[in-house]
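Comments concern the structure below.
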Amino acid sequence: SQGIPCSRPQFWSYGISPVFGRYELLVTEQISGASRMDTFIRSAETQPAIEALRQAYATVCRLHQCGFHHGTLFERNILVTGDGKKEHPRIFIIDTPKAIVFPYPVTGTRMASIDLLDLTGSVVHHLGGDHCTDLLTRSYGMPAGPAGKLVALAAAYNPGRGTRNMHRAECEMWEILSHAGIRCPQT
């Protein structure tokens with residue numbers, strides 16, 4: 001209902017497996033002809049790659065405006081259709097089991113920064129800092145100063161399990177506080 005391109009859910013279940021422990025399963029509609037964003041960027045020419053990323057950053061902005069924190073927003077969790085030559089690329093956000101939906105926009109908060117670090121950390125190595133700064137300012141709407149700082153952080157960003165778990169705990173804490181009417185401050 002918010003105009004966010006994603007794969008349509010078909011089936012959801014959860015339970016406990018004697019082999020794997022707790023699990024959650026979401027089966028979604030297959031997106032025909034889609035490839036992962038990281039694969040698309042490596043194989044596409046620069047301009048189609050930038051167009052797909054422009055759409056991705058604009059979509060992430062809409063997600064954040066709706067209060068949606070993805071939690072694992074890496075290139076592998078964005079699908080692209082179209083080849084960028086004959087067909088205009090379209091993007092789809094996938095793999096949201098760690099997502100948290102807040103009752104307020106998360107744009108400009110720590111949750112948004114974590115999502116943007118995850119995405120930009122993988123993109124900056126393909127396209128370079130200038131393109132990433134431009135994508136953050138023009139497509140996401142971030143001011144140039146903070147965008148440049150985020151890109152500089154993202155260039156050296158390589159989160160291990162401990163960092164990812166700490167980010168997850170921090171976001172879950174803000175989710176709990178949001179039920180008491182406490183908002184995460186702007187960064």
Quiz item: Applying the 4.5 Å side-chain criterion to the ILVMFWY set and letting contacts propagate, would I41 and L116 be lumped into a single cluster?
Solution: yes

Quiz item: Got a donor-acceptor contact below 3.5 angstrom from the T120 side chain to the L117 backbone?
Solution: no

Quiz item: Any side-chain heavy atom of R36 within less than 4.5 Å of one from L79?
Solution: yes

Quiz item: Quick one: do the Q55 and E51 side chains pair a donor with an acceptor below 3.5 Å?
Solution: yes

Exercise. Evaluate the side-chain proximity of Y57 to L119: yes if any heavy-atom separation is below 4.5 Å, no if none is.
Key: yes

Quiz prompt | Nearest non-hydrogen partners of V151 and V124, listed with the distance | solution = CG1-CG2, 4.0 Å

Quiz item: Are any non-hydrogen side-chain atoms of E87 and T81 less than 4.5 angstrom apart?
Solution: no

Quiz item: At what distance, to the nearest 0.5 angstrom, does OH of Y23 lie from CD1 of I16?
Solution: 9.0 Å

Quiz item: If you take all heavy atoms of F74 and R164, which pair is closest and at what distance?
Solution: CZ-CD, 4.5 Å

Practice problem: Start with the C-alpha distance between M173 and L177, add both sets of side-chain angles, then the distance that settles side-chain contact (heavy atoms from CB on, under 4.5 Å), and finish with yes or no. | Solution: CA-CA 6 Å; M173 177 199 69; L177 291 171; 4.1 Å; yes

Exercise. Measure across P185 and W174 and return the closest heavy-atom pair with its distance rounded to 0.1 Å.
Key: CD-CH2, 3.5 Å

Quiz item: So if you build clusters from Ile, Leu, Val, Met, Phe, Trp, Tyr with side-chain heavy-atom gaps below 4.5 Å, do I182 and I100 land together?
Solution: yes

Quiz item: Considering residues, nucleotides and ligands other than Q30, do more than 12 of their heavy atoms fall under 6.0 Å from its CD?
Solution: no

Quiz prompt | Atom pair CD1/OG of I78 and S35 - distance to nearest 0.5 Å | solution = 12.0 Å

Quiz item: Given the rule in the side-chain contact (heavy atoms from CB on, under 4.5 Å) test, do H126 and L53 qualify, once you have shown the distances and angles that lead to the verdict?
Solution: CA-CA 11 Å; H126 296 299; L53 286 164; over 6 Å; no

Self-check item: Distance (rounded to the nearest 0.5 Å) between H69 NE2 and T96 OG1
Solution: 11.5 Å

Quiz item: Would a 4.5 Å heavy-atom cut-off, applied to side chains only, mark P5 and R62 as touching?
Solution: yes

Quiz prompt | Enclosure of R138 CZ (heavy-atom neighbours >12, cutoff 6.0 Å) | solution = no

Exercise. Decide if atom CG of N165 counts as having more than 12 heavy atoms of other residues, nucleotides or ligands within a radius under 6.0 Å.
Key: yes

Quiz item: Roughly how far, to the nearest 0.5 Å, is OH of Y157 from CG of L150?
Solution: 10.0 Å

Quiz item: R110 versus H167: any side-chain heavy-atom pair under 4.5 Å?
Solution: yes

Quiz item: Is the shortest heavy-atom distance from the side chain of T109 to the side chain of Q186 under 4.5 Å?
Solution: yes

Quiz item: Which class fits the ring pair F68 and H70: parallel under 30°, tilted 30 to 60°, perpendicular over 60°?
Solution: perpendicular

Exercise. Kindly give the heavy-atom pair with the smallest separation between Y104 and M111, and that separation in Å.
Key: OH-CE, 4.1 Å

Exercise. Carefully, step by step, assess R90 and V80 under the rule side-chain contact (heavy atoms from CB on, under 4.5 Å).
Key: CA-CA 5 Å; R90 290 185 54 213; V80 182; over 6 Å; no

Quiz item: Under 3.5 Å, is there a donor-acceptor pair between the side chain of T137 and the main chain of P143?
Solution: no

Quiz item: Mind checking whether L127 and I91 sit in one hydrophobic cluster, side chains of I, L, V, M, F, W, Y counted as touching below 4.5 Å?
Solution: yes

Exercise. With rounding to the nearest 0.5 Å, note down the distance linking NZ in K98 to CG in L73.
Key: 13.5 Å

Quiz item: What is the minimum heavy-atom distance between I114 and C171, and which atoms define it?
Solution: CD1-SG, 3.8 Å

Quiz item: Rounded to the nearest 0.5 Å, how far does CG of D115 lie from OH of Y140?
Solution: 8.0 Å

Quiz item: Is E29 atom CD crowded by more than 12 heavy atoms from other residues, nucleotides or ligands, each under 6.0 Å away?
Solution: yes

Quiz item: Looking at P103 and S178, what are the two nearest heavy atoms and their distance?
Solution: CD-OG, 3.6 Å

Quiz item: Heavy-atom distance under 4.5 Å between the side chains of S122 and D38, does that happen here?
Solution: no

Quiz item: Any link between I93 and M37 through a network of hydrophobic side chains (Ile, Leu, Val, Met, Phe, Trp, Tyr) touching at under 4.5 Å?
Solution: yes

